[in-house]
Amino acid sequence: MSDLTRNAVDVLPEGRLAEQLEGDKPLRVKLGIDPTTADIHLGHTVVLEKLAEFQRAGHQVVLIVGDFTAQVGDPSGRSATRPVPTPEEIEANAATYQEQAFKILDREKTEVRRNSEWLRMEPEALLGLLAQTTVARLLERDDFQKRMAAAQPIAALELLYPLLQGYDSVAVEADLELGGTDQKFNLLFGRDVQGAYGQKPQSVMTMPILVGTDGVQKMSKSLGNYVGVTDPPEEMFGKLMSIPDEAMAEYYRLLLGSEQPEGPPNEAKRELGRRIVARFHGEGAGAAAEEHFNRVFVQRGVPDEIPSWDIDPYAGSEREIILLPKLIGSGFELSSSEARRLIQQGGVKLDGETVASDTLEIPRGELAGKVLQVGKRRFLSLFDSAA
RNA sequence: GGGGGAGUGUCCGAGUGGUUAAAGGAGAUGCGCUGUAAACGCAUUGGCUCUGCCUACGCAGGUUCGAAUCCUGCCUCCCCCA
């Protein structure tokens, strides 16, 4: 029992979960995720891991893919109305979400539901749902209070969100719902909705929000400070090494369920990276990713697998000269101007040799077979398809 | 329905007829330092066939030698009143 509440911020109402767990029948534990972006990141996994704990303890996990609520937009933690994804995006995301969630949950034991099943309801039924609450009640939430104070808009649609999420709980008869701390209002609101439909209100448990790799803002894809669970091992390790030291203890606690080990921060961070990579890519992947990291970033070497790039299309009119900014621009998805600046700033290397700042053209014979490097971490292996 | 206000570069945000590719900040990127941490320093940050050219301040026109700055219409958004 004590294990199941580890790391939780709120477990409400007080004492209720303990009572529920004393019963002998497994609880129906609900988690809803709206497929608004394509990938699950480590921030999501904090709650998913908690869900998995319940699953291992023999409870029935219900994963709700919010394909309907994604069209509404969860106002949680938002200072502005969320852009709504298209149905196609939602559909695509829903598929990858489930796949990724099963890196953590046991597929066989998980009940997966889409909330469009029950939320695509008759207008009368929707009115019945709306009749269960008041505007004042819906506006209570902190997000809205802040927005109103700042004279920021609140979409009418957003107002409906808690009702819909609450109805999910009714539909699956949840005994307990998990979520991030930013979900507290929605989770608690679900209790009211269940009550209105004659069900016993669920317990709610909130988990901390993981800070992103910048160490400041919450981990989020749109902020670009996330580590995706499907990131390649090297990238995952690299991103984890780049988190601020201050964020490390939290990563240990929330992602690995342990304390940060004593010793030099650098060592602790490497261990963090190894363990997390190993979790998502299998034993051995962690150590391999670290080796890659050592070679490329510590020893400033070259990774063993780098994409190759054909220099032929960038030859000048005489076909003996390569226009370097063009080549770099295309190869690394930069504009020629950006590439030009990088050269000027000494950020471009060929086989480890910094390219002189005034170099704009290079004889093509001097390029094939060499490694072109931009900045510290971007590489291309050049070849000449016309040679 | 009435009244008021706003739309500027990745974001925030100056600028209200003339060195304005557009202040300042953030972010990002490069170099240095380094543990791909933090902190710090320097630099860059529209595009291109680059001593020049093109595009740019919601959209479309107009006034002017000259406009992001003035006028007209349109679009979008916000606030207040009802």
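This one's a predicted model, so the numbers in the text were calculated from it and none came from an experiment. Order of the sequence lines sets the chain letters (A, B, ...), proteins ahead of strands, with each chain counted from 1.
Here B:A38 presents its C1' atom at 14 Å from CE of A:Met241, a figure rounded to the nearest Å. B:G35 atom C1' lies 16 Å from atom CD of A:Glu271, rounded to whole Å. Between the C1' atom of B:A28 and the CZ atom of A:Arg377 lies a distance of 11 Å, rounded to the nearest Å. Between the CD atom of A:Glu361 and the P atom of B:C50 there is a distance of 9 Å, given to the nearest Å. Look at CG on A:Leu327: it is 14 Å from P on B:C48, rounded to the nearest Å. In this entry the distance linking CE of A:Met248 with P of B:U36 reads 13 Å, nearest Å. Residue A:Lys349 contributes atom NZ, which lies 11 Å from atom P of B:G30 at whole-angstrom precision. If you take CD1 of A:Ile243 and C1' of B:A38, they are 12 Å apart, rounded to a whole angstrom.
Residue A:Leu342 has its side chain nearest to B:G30 when only B:G30, B:U36, B:A37 are considered. Checking B:G30, B:U36, B:G35 against every side-chain atom of A:Asn266, the shortest atom distance belongs to B:G35. When each of B:G35, B:U44, B:U29 is scored by its nearest atom to the side-chain atoms of A:Pro265, the top-ranked nucleotide is B:G35.
Side-chain N/O atoms of A:Ser336 include one lying less than 4.0 angstrom from OP1 or OP2 on B:C48. Residue A:Arg340 places at least one side-chain N or O under 4.0 Å from the OP1 or OP2 atom of B:U49. Residue A:Lys376 places none of its side-chain N or O atoms closer than 4.0 Å to OP1 or OP2 of B:U34. Between A:Lys326 and B:C48 there is no side-chain polar atom (N or O) within less than 4.0 angstrom of OP1 or OP2. Contact annotation: A:Arg341 side-chain N/O to B:G47 OP1/OP2 distance is under 4.0 Å. Taking 4.0 angstrom as the limit, A:Ser337 places none of its side-chain polar atoms (N or O) nearer than this to OP1 or OP2 of B:G46.
At the heavy-atom level, A:Glu267 lies nowhere under 4.0 Å from the strands shown. Counting non-hydrogen atoms under 4.0 angstrom, A:Gly375 reaches the backbone sugars and phosphates but no base.
Taking atom P in both B:G18 and B:A68, the straight-line distance is 11 Å, to the nearest Å. Spacing between B:C77 and B:G58 at atom C1', rounded to whole Å, works out to 11 Å. Of the C1' atoms belonging to B:C59 and B:A14, the separation is 24 Å, rounded to the nearest Å. Nucleotides B:G30 and B:G24, compared at atom P, are 23 Å apart to the nearest Å. Taking the C1' atom of each, B:C12 and B:A23 are spaced 14 Å apart, rounded to whole Å. To the nearest whole angstrom, the two C1' atoms, one in B:U44 and one in B:G9, are 15 Å apart. Between B:U10 and B:A6, the two P atoms lie 23 Å apart (nearest whole Å). Comparing B:U55 with B:U36, their C1' atoms sit 37 Å apart, to the nearest whole Å.
Under the Watson-Crick or G-U wobble criterion, with both distances below 3.5 Å, B:U34 is left unpaired in every strand shown. A 3.5 Å limit on both hydrogen-bonding distances identifies B:A26 as the Watson-Crick or G-U partner of B:U10. In this structure, B:C57 makes no Watson-Crick or G-U wobble pair, since no nucleotide meets both defining distances under 3.5 angstrom. Pairing for B:G1 goes to B:C81, judged as Watson-Crick or G-U wobble with the two contacts each under 3.5 Å. Across all strands shown, B:U19 has no partner, as no Watson-Crick or G-U wobble contact with both distances under 3.5 Å is found. For B:C70, the paired base is B:G62 (Watson-Crick or G-U wobble, both distances below 3.5 Å).
Interatomic distance, CG of A:Asn186 versus CG of A:Leu163, reported as 10.0 Å (0.5 Å rounding). How far CD1 of A:Ile64 is from CG of A:Leu31: 8.5 Å, rounded to the nearest 0.5 Å.
Closest approach of A:Asp39 and A:His44 over heavy atoms only: O-CE1, 3.9 Å.
No donor-acceptor contact under 3.5 angstrom links the side chains of A:Gln183 and A:Glu177, judged on distance only.
No donor-acceptor pair closer than 3.5 Å links the side chain of A:Asp175 to the backbone N or O of A:Ser203.
Checking A:Arg270 against A:Ser335, the closest nucleotide of RNA chain B that is more toward the 5' end is the one next to A:Arg270. Summary of the strand contacts: A:Phe293 and A:Asp214 both lie near RNA chain B, and taking for each the nucleotide with the nearest heavy atom, the more 5' one is attributed to A:Asp214.
Between A:Tyr226 and A:His41, the ring planes are tilted. Angles from 30° to 60° get that label.
With hydrophobic clusters built from ILVMFWY side chains whose heavy atoms lie under 4.5 angstrom apart, A:Leu178 does not share a cluster with A:Leu188.
With a 6.0 Å radius and a threshold of 12 heavy atoms from other residues, nucleotides or ligands, A:Lys184 has its NZ atom at or below the threshold.
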